[in-house]
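Reviewing the structure listed below.
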Protein chains: 2
Amino acid sequence: MIDVRFPTALQIMLSLALAQAESVELLSSAQLAEGVDSSPTFVRRLLAPLIQAGLVRSTMGRDGGVSLSVHASAITLGEIYKATMGEKRLWTGRSDIPHRCLVSCNVERFFANLADEVDESVGRLLGARTLAEALSELRTIDAERI
Amino acid sequence: MIDVRFPTALQIMLSLALAQAESVELLSSAQLAEGVDSSPTFVRRLLAPLIQAGLVRSTMGRDGGVSLSVHASAITLGEIYKATMGEKRLWTGRSDIPHRCLVSCNVERFFANLADEVDESVGRLLGARTLAEALSELRTIDAERI
DNA sequence: CGATATGCAATAATGATAGACACATATTTT
DNA sequence: AAAATATGTGTCTATCATTATTGCATATCG
C-alpha cells in the first residue's frame with residue numbers, strides 16, 4: 001500500500017493553519033478525518049508525533065480537539081515531515097547483500113551515503129518553507145482555478 | 001513490500017561498470033542475480049528499461065548477456081534512476097480527496113507542485129554524478145574498510 | 001452521571017512489490 | 001539439424017508495509 005502519511009499530515013496541518021487564521025479554536029479528529037477522507041483513528045495516529053514534537057496541542061474530553069501550538073509562520077514543512085516520518089528515510093537500500101565482490105561488499109554503504117544526501121537535500125527544501133507560506137500558496141492556487 | 005528497484009538497478013549498473021573496467025565482455029542475468037541476491041527474472045525486468053534507454057546493450061542466445069553500451073563516465077545516476085523508475089514520482093499524494101474547503105480543494109495540486117520540486121532536486125543531485133565516479137567511490141569505501 | 005472527545009492496542013483488510021514458473025525466441029556449439 | 005543456453009515476457013502467487021476497523025480506557029464539559 002502506498003504511504004500517504006506525509007501528504008495527509010500536511011493536509012491536516014494546513015487545515016489547522018486555516019482554522020488558526022480564521023480564529024477557530026479547535027478541530028476534532030472527526031472533522032479533520034472528514035477533510036482528508038479518512039478515519040479519526042488514522043488522523044489521531046498522525047497527530048500523535050506532531051503533538052510530541054510540540055507543533056500541535058490537543059485538548060482531551062468533551063468539546064476537545066486539536067490546534068496549532070504556535071503560529072503557522074513558525075512551523076516549517078521540514079518539521080512536519082520529520083515528525084511524521086520519524087527515522088524512515090526517503091530511500092532504503094537492500095540489506096544483507098552477500099559479500100562477493102567489490103560491488104556487493106560496498107554498495108550498501110555507498111547507497112546509504114547517497115540516501116543521506118537525498119534526505120539532506122529534501123530536508124533543506126522543506127525546511128525553507130513555512131506552513132503559513134504554504135497556506136498562502138493554497139490561496140493562490142485557489143484563485144488561479146478561476 | 002519496500003521498493004528496491006533503484007538500489008538494485010544501481011548495483012547492477014555498478015557491476016557492469018566494474019566488468020567494463022576489467023574488460024569483461026558480458027555478464028549474464030544469472031551472474032548479476034547472484035550478485036544482487038535475487039532472481040534472473042527480476043534482473044532482466046530491471047534491465048529492460050535500461051536497455052530501452054540505451055544505457056545497456058544485450059546479446060541474446062547462448063553465451064549472451066549484457067554490458068554497458070557506453071563508457072561508465074558517460075552515464076549519470078540520474079539517467080539510471082529515470083530509466084528504472086519511469087514516471088513514478090518520489091512522492092505521490094492522495095487523489096480523489098473530496099472538495100469541501102480551501103484546503104481540500106487545493107492540497108492535491110499544492111502537493112503535486114511540492115513533489116515536482118523534490119523530484120527536480122533529487123534529479124539534479126543524481127544528474128551530477130556519473131557511474132564511473134560512483135565506482136571510484138566504491139573503491140574508496142572499500143579501502144576505508146581497512 | 002451522561003455525552004463525547006482523545007489515546008492507544010489489537011486485529012483485519014488492502015495493495016504494491018518481488019518471486020516463481022512457463023514458454024517463446026535467439027544464438028552458439030556440436 | 002539438434003542440443004544447449006541465453007534473453008524477453010506473461011501470469012500467478014507470496015510477501016509485507018500501510019491503512020482501516022474495532023474496542024476500550026481516560027479525560028472533560030454540562
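Computed from a prediction, not measured in an experiment: that's the story for all the values here. Here is how names work: the chains are called A, B, and so on, in the same order as the sequence lines, proteins then strands, and each is numbered from 1.
- Considering only side-chain N and O atoms, R5(B) lies under 4.0 angstrom from the phosphate OP1 or OP2 of dT17(C).
- A residue-by-residue look at R94(B) and G64(B) shows that G64(B) has its nearest nucleotide of DNA chain D further toward the 5' end.
- Counting non-hydrogen atoms under 4.0 angstrom, I51(B) reaches the backbone sugars and phosphates but no base.
- The side chain of M60(A) has dG7(C) as its nearest neighbour among dG7(C), dA20(C), dT7(D).
- V66(B) comes within 4.0 angstrom of no nucleic acid atom, judged by non-hydrogen atoms across all strands.
- The residue among I2(A) and G65(A) whose nearest nucleotide of DNA chain C lies closer to the 5′ end is G65(A).
- A perpendicular orientation is assigned to the rings of Y81(A) and F6(A), their planes being inclined by more than 60° (bins at 30° and 60°).
- Residues R45(A) and G61(A) each lie close to DNA chain C; by heavy-atom proximity, the contact nearer the 5' end of the strand is made by G61(A).
- Here dT19(D) presents its C1' atom at 13 Å from CE of M85(A), a figure rounded to the nearest Å.
- The hydrophobic cluster containing V66(B) does not contain M60(B), counting ILVMFWY residues as joined when their side-chain heavy atoms lie under 4.5 angstrom apart, directly or transitively.
- Distances from the side chain of D63(B) to the nucleotides dA20(D), dT17(C), dT29(C) place dT29(C) closest.
- Taking a cutoff of 4.0 Å between a charged side-chain nitrogen and a carboxylate oxygen, E137(B) and R109(A) do not qualify as a salt bridge.
- Atom CZ in R62(B) sits about 7 Å away from atom P in dT30(C), given to the nearest Å.
- The nearest whole Å value for the distance from the CD atom in E34(A) to the P atom in dA5(C) is 13 Å.
- Distance CZ (F42(B)) to C1' (dG10(D)): 17 Å, rounded to an integer number of Å.
- Residues G35(A) and S104(B) approach most closely at O-CB, 4.0 Å, considering heavy atoms.
- Side-chain nitrogen and oxygen atoms of T41(B) include none within less than 4.0 Å of the OP1 or OP2 phosphate oxygen of dA20(C).
- Across H71(A) and Q20(A), no two heavy atoms sit closer than the pair CA-NE2, 3.5 Å.
- One atom, CD of Q31(B), and another, P of dT7(D), lie 9 Å apart when rounded to the nearest Å.
- Distances shorter than 4.0 Å separate some side-chain N or O of S58(A) from OP1 or OP2 on dG7(C).
- Following rounding to the nearest Å, M1(A) (CE) and dA14(D) (P) show an atom-to-atom distance of 19 Å.
- Looking at heavy-atom distances under 4.0 Å, L47(A) makes no contact with the nucleic acid at all.
- At the phosphate of dG19(C), OP1 or OP2 sits under 4.0 Å from a side-chain N or O atom of S38(B).
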For a side chain to side chain contact (heavy atoms under 4.5 Å, CB included) check, start with the C-alpha distance between L46(A) and V43(A), then their side-chain angles and the critical distance, and finish with the verdict.
CA-CA 5 Å; L46(A) 287 174; V43(A) 170; 5.8 Å; no
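- Side-chain to base pairing of R44(B) with dT25(C): no donor and acceptor N or O lie closer than 3.5 Å to each other.
- Taking only side-chain atoms of V4(A), from C-beta outward, the nucleotide of dG19(C), dT28(C), dT19(D) with the closest atom is dT19(D).
- Protein atom CG of L32(A) is 12 Å distant from nucleotide atom P of dG7(C), rounded to whole Å.
- Contacts of S28(B) with the nucleic acid, taken as non-hydrogen atoms under 4.0 Å apart, involve only primed sugar atoms and P, OP1 or OP2.
- Note: CG (L46(A)) to C1' (dT6(C)) measures 15 Å, nearest angstrom.
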